[in-house]
Amino acid sequence: MANGQRLFVKITRESLPQVKDKYPFIYLERGRLEIDDSSLKWLDSEGNVVRLPVATINTLLLGPGTSITHEAVKTAYAANCSLCWVGEDSLLFYAAGFQPTADSRNLRRQMELACDKKRSLEVARAMFARRFPDAELNNKSLKEMMGMEGSRVRALYQEKAQQYGVGWKGRQFTPNKFDLSDTTNQILTSANAALYGILCSAVHAMGYSPHVGFIHTGSPLPFIYDLADLYKAELSIDLAFALNKEMAGQYNKHLLAKRFRERVIAMDLLTIVARDITQLLGENKK
C-alpha cells in the first residue's frame, strides 16, 4: 500500500455518505465484500466491519486485495450500484460491471450530443475554450482547434524543459517498449495512464461512457482522452519535467505514484472532474 496521502480515505462508519446523499463512488481495498441479512457488509484486513448503504452509492471501486461474493454482486445489482475493478487509488482501471436496470439518463444525454454534429462541435469548442480562454473559437473547425492544441502542447513541452533544465527531444511513445523512452517520456506515459484510470472510474461512476467522445476518434477511450487533455498540463507535463530533475534521470515508479497522488489531491481532481463533465454535457447545451 502506498505511503502518504491517498486519493480515497479509508471507509469507516463515520465516513459513509448520509442517506440524503447519492454518493458518486466509494473506493475499497484489501478486504471482503459480502452480505449480512440482505445488506452489504465490508470486512477490511484489520477485522473492522462496515455495513454499506448501497442504495445511496452509485459505484463501488474495488481495489487491490478485494474479494466479493456472488450474493454481494446480486445485492449491488438490486440497489442499482455499479462495480468497477481498479488499481490502487484507481490509478489503473481494469473493468466495470453494470446492471440492466441502471439509470441511462446521462449516457443518453452524451449520445444525443455526440450524434448531433453541431452540438458535438459545441461541446468540443467548450473543451478547447478552457485551454484558450482568450481565443475566438466560434468560427474555428474541429481540425483548426486541434491544430491550436497541438501547437500549445509542443510549446508547453519546450517551456517546461527550459524551466526545469531538462533536455527534450520530443514526445516518444512506442507501445510495449516502455524502456526505450527517455525518463521524461516514461514519466509522461505513466502519469497519463494513471490519469486515464482515475477518469475512467469517475466517468463510469457518473453513468457516462468512456467510448463516446467529442474530439478524439478512432481510439478505445475517446471521452477519457478528451477529458484528460484538460488536466495534463499540471498532472502529467509539468510533473514529468519536475520529476526528471528530482529523479536525476533514473525512472522511479514509486516516487512518480507519490508525486502524482499529491498533485491530484492538491487540485481536488475528483471534484473538478464531476463539475466539468456536468458543465460540458449539461442541459444548457442546446
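All of these numbers come straight from a predicted model, not from anything done at the bench.
Cluster membership for L156 and F128, using ILVMFWY side-chain heavy atoms within less than 4.5 angstrom, is not shared. I277 and L230 fall within a single hydrophobic cluster, where Ile, Leu, Val, Met, Phe, Trp and Tyr are joined by side-chain heavy atoms under 4.5 Å apart, directly or via other members. Note on F241: it does not cluster hydrophobically with Y231, by side-chain heavy-atom contacts below 4.5 Å among ILVMFWY residues. Grouping the Ile, Leu, Val, Met, Phe, Trp and Tyr side chains by contacts below 4.5 angstrom, directly or via other members, places M267 with V203. Linking Ile, Leu, Val, Met, Phe, Trp and Tyr residues whenever their side-chain heavy atoms come within less than 4.5 Å leaves Y157 and Y225 in two separate clusters.
Smallest separation of non-hydrogen atoms from F214 and A124: O-CB, 3.8 Å. A pairwise comparison of heavy atoms in R125 and K140 identifies NH2-O, 2.9 Å as the closest pair. Annotation for F173 and S181: closest pair CA-OG, 4.4 Å, computed over non-hydrogen atoms. Heavy-atom minimum distance, A76 versus V54: CA-CG2, 4.2 Å. The shortest non-hydrogen separation linking A96 to C84 is CB-SG, 3.9 Å. Shortest non-hydrogen contact noted between A191 and L235 is CB-O, 3.9 Å.
Using a 4.0 Å cut-off between charged side-chain N and carboxylate O, E149 and R152 make a salt bridge. Here R119 does not pair with E122 in a salt bridge; the nearest charged N to carboxylate O distance is not below 4.0 Å.
There is no side-chain donor-acceptor pair under 3.5 Å between N244 and T183. Under 3.5 Å, the side chains of R171 and T184 contain no donor-acceptor pair of N or O atoms. Side-chain contact annotation: Q250 with N252, donor-acceptor N/O pair under 3.5 Å absent. Of the N and O atoms on the side chains of Y27 and S201, not one donor lies less than 3.5 Å from an acceptor on the other residue.
Judged purely by atom type and a 3.5 angstrom limit, Q186 has no side-chain atom pairing as donor or acceptor with the backbone of Y251. A donor-acceptor pair under 3.5 Å links the side-chain atoms of D226 to the main chain of I215, judged by distance alone. Although no hydrogens or angles enter the test, the distance criterion places no donor-acceptor pair under 3.5 Å between the side chain of H211 and the main chain of F223. With hydrogens and angles ignored, the 3.5 Å screen pairs a side-chain donor or acceptor of S141 with a backbone N or O of E144. When atom types are taken as modelled, the side chain of R32 and the backbone of T69 share no donor-acceptor pair closer than 3.5 angstrom. Checked by atom type and distance alone, the side chain of R263 pairs as donor or acceptor with a backbone atom of E234 at under 3.5 Å. In this structure, the side chain of R30 does not engage the main chain of D44 through any donor-acceptor pair within 3.5 Å.
The only option from L107, L221, I224 that meets the side-chain contact (heavy atoms from CB on, under 4.5 Å) definition with S209 turns out to be L107. Residue T75 forms a side-chain contact (heavy atoms from CB on, under 4.5 Å) with just one option from L52, L40, D36, L33, and that option is L40.
Side-chain contact check for L121 versus M145: some heavy-atom pair is nearer than 4.5 Å.
Counting non-hydrogen atoms of neighbouring residues, nucleotides and ligands closer than 6.0 angstrom, the CE atom of M111 reaches no more than 12 such neighbours.
To the nearest 0.5 angstrom, E71 atom CD is 11.0 Å from E34 atom CD.
Partners of R275 according to the salt bridge (charged side-chain N to carboxylate O under 4.0 Å, His left out) rule, which considers only residues two or more places apart in sequence or in another chain, do not exist here.
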Test side chain to side chain contact (heavy atoms under 4.5 Å, CB included) on N185 and W168 and set out the steps.
-> CA-CA 9 Å; N185 273 290; W168 178 249; 3.7 Å; yes
